[in-house]
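Note sheet for the following structure.
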Amino acid sequence: MFKEFKKEIQFGGRPLILETGKVARQADGAVMATYGETKVLCTAVGVKSVNPDVDFFPLTVNYQEKTFAAGKIPGGFFKREGRPSEKETLTSRLIDRPIRPLFADGFRNETQVITTVLAHDLENDPDIVSMIGASAALTVSGLPFMGPIGGARVGYVGGEYVLNPRLEELENSELNLVVAGTREGVLMVESEASELSEETMLGAVMFGHKAYQEVIDAIIELAEACAKEPWELPGAPEGADEVSAKVRELAESDLREAYKETVKSERQDRIAAVKEKVVAAFGEQEADGNLVAGSFKNLEKDIVRKDILNTGQRIDGRDTKTVRPIECEVGILPRAHGSALFTRGETQALVVTTLGTGQDEQIIDGLDGDYREHFLLHYNFPPYSVGEASFRLGPGRREIGHGKLAWRALKPLLPEKDDFPYTIRVVSEITESNGSSSMATVCGSSLSMMDAGVPLPKPVAGIAMGLIKEDDGFAVLSDILGDEDHLGDMDFKVAGTEAGVTSLQMDIKITSITEEIMQTALAQARDGRLHILGEMTKALSTAREGVSENAPRITVIQINKDKIREVIGPGGKVIREICEETGAKIDIEDDGTVKVAAVDEKASEAAIQWIKGITAEPEVGEIYTGKVVKTVDFGAFVNFMGSKDGLVHISELAPHRVGKTTDIVNVGDEVKVKLIGIDDRGKVKLSLKAVDQETGEEVTGDEKQASAG
């Protein structure tokens, strides 16, 4: 019934199995990829017809995790998978970025790649398995995909590179790097590192590139056995050469003048005017609108790219290595715990840091288990930042991806939670954008956190590098503009400190780049990063001593684990009462660590004393303040230390004989008592008389009542 094909290789010391022909047979391409016991179904489907109104390649990549893959049931009311998690969104982008440049030029058919995690062994991250499976599914589908690609994860432990480290191995790794590409070179890199050198980072990329060659060979062998008939490659539209020549004739001189304008908004207005003139010259019927638009874009690329290669001068007048002017300000929002405004040319990020408690941590429900995250970084890209007006929804894939890139860049420098027990939320609002707002977010976030008193040992900066490559010639561009990103061949982002790299992300729009180009880009990026760090230190060179007066003060105390239940109380009654009465926030961990947070120091101290009162053990000979809770013929019961009760016998109420208990104390009176004994049954004996004798003051019943009142 099934005509199955299978290819198995050893990859990183574990079997990688690619199978097709049994599951999802109606898809153009479907491959079941297995690594260890992690299993992912990868499918690819292309629509046979083209939407004539589309002038771009409509590719969608969806990575999705099924909770049954890890033997779990989804949380929430509906008990089914909902909107994509951050992990799913980021992995979808991870797969999309290396495969998108490899589709044939001119291919405009809607294409969808879906990878579904069916089993997770909690050792091998499904992202690499999904990337490889998606590459295999596209390669056997017949779609005009000029792959395949391979992919690998690289760790760095004890000075040695590790191929596809298991999840537990990553905990001790100084590097978590994902690299993907073709036989010829690298297409995509994503990484987080602990201030590693540029040489170490480049070595990791090339190590991964060499390792995944056997994956590419396996996919090719699988395709040779079972690939479908290839789709016909899209040819050049009829009359394309004539349209291109006419567009060049109409627009070249005006476009060259427009690109001499260094201010982005004015340059865009002049380019739009030239384009409008060209469209009007063709009229409605003379040529396809998409063909005219495509020819105009190609002319723009030709002008910008060749001018850079020929003259070394860029759109805004800079050479290839100069960074745009930088302005840094901190503490610009009076009520924020920390804030910074980072401006580089026409790119600007307003970044705000807020410090919270353990109650503000984000609970992550992942296939590999639940955990709490105390460092959050959210990136927002409103339309006004590029002078546009558009409908606003929630954060898109781009915003989530840019935020995670900045998060990776800063995380290696964060203090240990035991040393700085705050939840840290950083929000970057991009208020202007003309190239590399994600790297502006890294710089602004570093300043904002230092302004908030987060003890970063050193500042972190980031820079985006571009590439113009024609035949054997190339130029690496530091601190790229939006137009250079749009018309160039590479977006290479490097973040780190003066000591080394903390994050690296690379996307290539051509088929691949060489080791030489990457080496040049890394060296140039280091020079640019050091320059930016120098500008940042003019605003703030080290973290402020202490947190803002508007931030909560967190005091950490330790209690006996056996006392946790008493502090919490039945149904949380006690801890809720403490919080409501004092205004403090309280977090209690399983090991007895208690964190008390409050903006008001008095509130914090009151909560701490309350907790100590509950958890402390009463000591014979100590004097305590208590409250009379009950009177009887033979004495009074006094509550002290919050949760302890003891009896003051009538003979211990005063130095003289007492006729009635209520002659001395009444219910509700606040009194000082001395603990004079604890019997074998744990019953506590208290004395008012002993307090009077110790202090040498005779206190009558009337005086005690007046004092209590």
Side-chain angles (χ1 to χ4, degrees), residues 72-73 75-77 354-366 369-376 415-425 547 551-620 622-630 637-647 667-668 670-671 673 675 678 681-684 686:
K72 299 173 65 175
I73 295 174
F77 180 79
T354 306
L355 303 178
T357 68
Q359 296 175 24
D360 299 308
E361 291 179 342
Q362 183 178 12
I363 300 174
I364 309 294
D365 182 12
D370 298 349
Y371 64 94
R372 301 175 75 93
E373 181 55 65
H374 77 287
F375 175 45
L376 315 173
E416 293 294 328
K417 194 176 176 183
D418 289 343
D419 299 327
F420 192 73
Y422 288 89
T423 296
I424 306 167
R425 184 188 183 224
V547 300
R553 267 43 174 201
I554 296 182
T555 305
V556 181
I557 61 174
Q558 198 73 30
I559 64 172
N560 190 313
K561 290 191 291 186
D562 297 336
K563 299 291 184 179
I564 293 175
R565 182 178 297 179
E566 295 180 32
V567 177
I568 294 174
K573 178 182 178 182
V574 175
I575 195 169
R576 194 163 50 246
E577 182 182 2
I578 298 173
C579 293
E580 289 173 355
E581 290 291 329
T582 65
K585 288 185 177 181
I586 300 169
D587 294 323
I588 303 179
E589 298 177 8
D590 293 340
D591 63 354
T593 300
V594 181
K595 298 174 183 176
V596 180
V599 175
D600 184 354
E601 191 173 340
K602 290 183 178 179
S604 177
E605 185 59 30
I608 290 169
Q609 291 305 318
W610 196 327
I611 294 169
K612 286 182 175 179
I614 295 172
T615 58
E617 293 294 336
E619 296 182 26
V620 174
E622 290 293 317
I623 295 175
Y624 300 97
T625 299
K627 182 177 288 187
V628 178
V629 293
K630 185 179 180 181
F637 288 94
V638 175
N639 176 268
F640 66 105
M641 294 179 65
S643 60
K644 304 290 188 299
D645 288 328
L647 172 67
V667 172
E670 185 176 285
V671 294
V673 292
L675 198 157
I678 302 175
R681 293 175 296 174
K683 291 187 176 181
V684 176
L686 303 172

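As a basis for the values below, the full set of heavy atoms in this structure was taken, side chains included, without hydrogen atoms, waters or symmetry mates. This structure is a prediction, so every number in the text was calculated from the model and none was measured. For this chain, numbers begin at 1 and follow the sequence in order.
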For the student: nearest non-hydrogen atoms of [X] and [Y], plus distance:
| X | Y | result |
| --- | --- | --- |
| A597 | T357 | CB-CG2, 3.3 Å |
| P618 | I678 | O-CD1, 4.3 Å |
| F640 | G646 | CE2-N, 4.1 Å |
| V596 | A607 | CG1-CB, 3.9 Å |
| P415 | F420 | CG-CB, 3.7 Å |
| T582 | A606 | CG2-CB, 3.9 Å |

*Going through the checks in order, is the side-chain contact (heavy atoms from CB on, under 4.5 Å) test met by E619 and Y624?*
CA-CA 10 Å; E619 296 182 26; Y624 300 97; 4.0 Å; yes
First locate atom [atom1] of [X], then atom [atom2] of [Y], and finally report the distance between them rounded to the nearest 0.5 Å.
| X | Y | atom1 | atom2 | value |
| --- | --- | --- | --- | --- |
| K417 | F375 | NZ | CZ | 14.0 Å |
| T555 | I557 | OG1 | CD1 | 8.5 Å |
| N639 | T625 | CG | OG1 | 12.0 Å |
| Y371 | D365 | OH | CG | 10.0 Å |
| I614 | I578 | CD1 | CD1 | 4.0 Å |
| I588 | I559 | CD1 | CD1 | 5.5 Å |

Evaluate the side-chain proximity of [Y] to [X]: yes if any heavy-atom separation is below 4.5 Å, no if none is.
| X | Y | answer |
| --- | --- | --- |
| I611 | I586 | yes |
| E566 | V574 | no |
| R553 | S604 | no |
| D587 | V594 | no |
| I424 | L355 | yes |
| D370 | K72 | yes |
| N560 | T615 | no |

*Would you call K630 and D645 a salt bridge, taking side-chain N to carboxylate O under 4.0 Å as the test?*
no
*Would the number of heavy atoms belonging to other residues, nucleotides or ligands and lying under 6.0 Å from CG of D590 be above 12?*
no
*Can any side-chain N or O of R372 pair as donor or acceptor with the backbone N or O of G358 at less than 3.5 Å?*
yes
*Run the numbers on T423 and E361 for side-chain contact (heavy atoms from CB on, under 4.5 Å), then give the verdict.*
CA-CA 6 Å; T423 296; E361 291 179 342; 3.2 Å; yes
*Output, in order, the C-alpha distance, side-chain angles, deciding distance and verdict of side-chain contact (heavy atoms from CB on, under 4.5 Å) for T593 and Q558.*
CA-CA 5 Å; T593 300; Q558 198 73 30; 3.1 Å; yes
